[in-house]
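This report refers to the structure that appears directly beneath it.
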Amino acid sequence: MGPHHGAEYRSGCVPLFLCRLPEELDVNTIKTCRYVAAAAIALTVTSAFAAEKALDKGRAPSSEQVGFNIYLPLQNRDALDNDIAALHDSTSSRYQKWLTPDEFKAKYMPSTSLLKEVLAQLAAQGIDVTVAGPQRLHCSGKASAVEAALRTTLHDGSFHNGRKTVMAAQAPTLTGALSQSGAIVSGLSGFVRARSYVHTAPAANPQNRYSTAGPYWFTDLKQAYGWPSYTAYTGKGVTIGILMTGDYNPTDVNAYFTHEKIATPKISTVQINGGAPYDPVGSTETHLDLQQSGGMAPQAKLILYNMPDLSDDSIMAGLSQIVNDNKADVVSMSFGSPEIFYKAEYNDGTDFSYLLKEENDLIAQGTAQGITFIASSGDAGALTAFPPACFDGVPDCGPAIAAVSFPASSPHVVGVGGTNLVTTQTSSTDLNSVYVREQAYADPLEGDIFYGTSSTGQYWGSGGGDSVYFRKPLFQALVNTGNAKYRTVPDVSLHMGGCPQGAITCSADDSSDIVTIGGFNYSVIGTSASAPDFAGLTALAVQRYGRRIGNENYYIYALAALQNLGLAKVYRQGIPGFNGLYSTTNKGYNRVLGNGTVIGKQFLLAPLVPSAGTPQTPSNP
């Protein structure tokens with residue numbers, strides 16, 4: 001027992017000070033954990049970067065072998081938007097007649113003749129194409145040839161963790177067929193914008209079998225949020241994709257599900273560009289995503305799409321693999337980047353929004369194929385970003401800035417926010433976990449725990465706000481989003497927990513979830529938990545309706561409109577909260593929790609099926 005420190009989360013977390021959770025906790029253990037937590041918060045720690053700029057090491061040698069990717073954008077983009085709308089319109093003859101990858105390719109990918117011209121141009125420029133997929137060309141060549149072909153200068157770079165990269169000192173300029181096709185180049189950037197959202201709570205509070213505020217097992221959450229009984233819906237026949245960096249340890253995952261007396265879901269792995277190895281610290285987000293989504297839909301199949309990192313290049317490669325495989329019905333993404341990090345002022349004068357738009361187009365393809373994409377809305381409340389100077393290590397670089405995170409801000413993605421949940425607790429032997437209340441008050445932070453900068457004024461809380469890139473989608477016209485002209489986030493919420501290391505104060509209601517990794521159970525927090533939880537509920541919906549759902553927001557907001565008219569009770573609303581800029585409302589939509597937290601059976605329109613009861617019983621194993 002005692003603090004575990006000196007470890008860094010490669011996926012964006014700060015070094016941890018926490019208590020491991022033994023199988024059962026006594027009063028002395030609880031007191032020790034809380035004492036350790038108080039001491040830990042007083043310590044100064046150094047962040048491990050996930051979103052960061054690489055250090056420029058100078059011009060790349062002309063003979064250095066360089067790899068990069070070229071993406072060929074979708075054609076007939078306006079027609080695709082119309083198609084997606086028809087596929088989600090229940091009055092249309094095309095409703096839910098999802099496209100296959102081949103059908104999508106025939107309608108929206110560049111022509112075969114144009115692709116041949118592109119390949120011929122690259123060959124003439126001394127660039128080898130080792131992978132030629134429908135959207136993505138993986139290319140390699142000597143630095144001198146790449147510089148000439150892309151009309152840029154290449155520099156070697158090094159990230160905080162020692163990983164090497166090659167960076168284009170100027171934005172590539174394309175010519176010939178590449179320019180004609182509207183191709184974009186990725187993989188030559190020294191900026192990793194995204195980070196995962198998992199954080200560890202500063203201490204382990206008692207298990208909810210002893211406390212009203214967690215930390216919670218998935219079974220506790222299923223009972224509290226009114227999930228259907230295991231005897232009714234389990235996600236059988238549905239496949240959930242997890243897009244994340246870091247492989248997983250089967251022994252830990254088995255131990256997690258065995259604890260709640262249920263079989264481990266079937267898990268397979270697809271390595272994206274070689275993937276990233278399992279690491280007892282860096283794979284925490286992967287374990288959380290697998291364990292939460294698998295717990296919520298225990299008989300669904302899980303596919304881990306394991307990326308080497310969270311760079312835009314890796315994310316695009318992962319999305320490309322997912323939409324071309326077309327195996328996952330639901331995809332959970334517990335990562336994101338503030339949209340404004342793609343703007344020119346953050347990128348030495350070059351606007352990189354084309355990378356964000358390409359990722360959005362890949363998600364749009366998956367949506368047309370019926371895949372549902374779900375993402376965490378973020379954990380820094382409404383103030384997710386900071387001035388550009390903060391990335392350059394400038395002292396006192398400025399206050400936090402309002403921004404929403406992509407991919408949750410995509411109109412094709414369900415953005416999931418979060419709350420702190422309180423349940424019943426009657427005795428140390430009673431596992432009953434009935435819903436009592438929730439709150440979404442963000443914790444003010446003493447410093448930047450997300451990126452390790454000197455930015456001030458940050459919060460820990462449910463991410464939300466207005467996009468600066470995506471216009472208000474049709475489905476958001478079904479509710480009042482405050483006259484917003486742009487996409488607002490989040491759409492729905494579930495439990496995320498609160499009070500990370502660095503919080504000024506902790507509320508008695510601040511709660512957490514449990515993740516098993518490295519042979520121990522740890523207390524973790526974040527919308528990195530609420531997103532895979534909702535992915536599990538979506539898998540139950542796919543099973544319930546016997547078909548893919550596509551962009552689930554059409555369903556989510558239709559139910560919200562019915563609730564606003566008093567014709568349904570699907571979302572818990574009137575939950576008090578504030579995320580640094582926005583407050584919750586007594587009724588309807590808000591930029592903290594979206595349409596509210598989800599009541600499982602009501603969301604499935606299955607109010608009469610049995611409910612998930614007490615954890616570790618036949619209705620809720």
Original post:
Asn420 side chain to Ser511 main-chain N or O, any donor-acceptor pair under 3.5 Å?
Top reply: yes

Original post:
Who are the ring pair (Phe, Tyr, Trp, His ring centres under 6.0 Å) partners of His412, not counting sequence neighbours?
Top reply: none

Original post:
Can you name the ring pair (Phe, Tyr, Trp, His ring centres under 6.0 Å) partners of Tyr346, sequence neighbours left out?
Top reply: Phe341

Original post:
Does any donor atom in the side chain of Tyr71 or Glu359 lie under 3.5 Å from an acceptor atom in the other side chain?
Top reply: no

**OP:** For the residue pair Glu438 and Tyr225, establish whether any side-chain heavy-atom pair is separated by less than 4.5 Å.
**Re:** yes

Original post:
Think Lys472 forms a cation-pi with Tyr486, using NZ or CZ under 6.0 Å from the six-ring centre and within 45 degrees of its axis?
Top reply: no

Original post:
Got a donor-acceptor contact below 3.5 angstrom from the Asn553 side chain to the Val413 backbone?
Top reply: yes

Subject >> Of all pairs that satisfy salt bridge (Lys or Arg N to Asp or Glu O under 4.0 Å), the ones with a partner from residues 485-506, not counting sequence neighbours >> reply: Arg487-Asp491

Subject >> Partners passing ring pair (Phe, Tyr, Trp, His ring centres under 6.0 Å) against Phe603 (at least two apart in sequence or in another chain) >> reply: Phe534, Tyr555

**OP:** For the residue pair Gln476 and Tyr557, confirm or rule out a side-chain donor-acceptor distance under 3.5 Å.
**Re:** yes

Original post:
Are the charged groups of Arg77 and Asp361 less than 4.0 angstrom apart, N to O?
Top reply: yes

**OP:** Determine the sole option in Asp379, Leu494, Asp533, Val416 for which the side-chain contact (heavy atoms from CB on, under 4.5 Å) test with Thr527 is passed.
**Re:** Asp379

**OP:** Using the six-membered ring of Tyr342, assess whether NZ or CZ of Arg193 lies under 6.0 Å from its centre and within 45 degrees of the ring axis.
**Re:** yes

Original post:
Does the pair Leu355 and Met316 meet the rule for a side-chain contact (heavy atoms from CB on, under 4.5 Å), with working shown?
Top reply: CA-CA 9 Å; Leu355 295 175; Met316 283 190 282; 3.7 Å; yes

Original post:
With no hydrogens and no angle check, do the side chains of Ser454 and Asp396 hold a donor and an acceptor under 3.5 Å apart?
Top reply: no

**OP:** Would you please say whether a donor-acceptor pair under 3.5 Å links the side chains of Thr538 and Glu552?
**Re:** yes

Original post:
Residues two or more places apart in sequence or in another chain: which of them pass side-chain contact (heavy atoms from CB on, under 4.5 Å) with Asp56?
Top reply: His155, Met167

Subject >> Lys343 bridged to Asp351 by N-O distance under 4.0 Å >> reply: no

**OP:** Could I get the full list of ring pair (Phe, Tyr, Trp, His ring centres under 6.0 Å) partners for His88, not counting sequence neighbours?
**Re:** Trp98, Tyr554

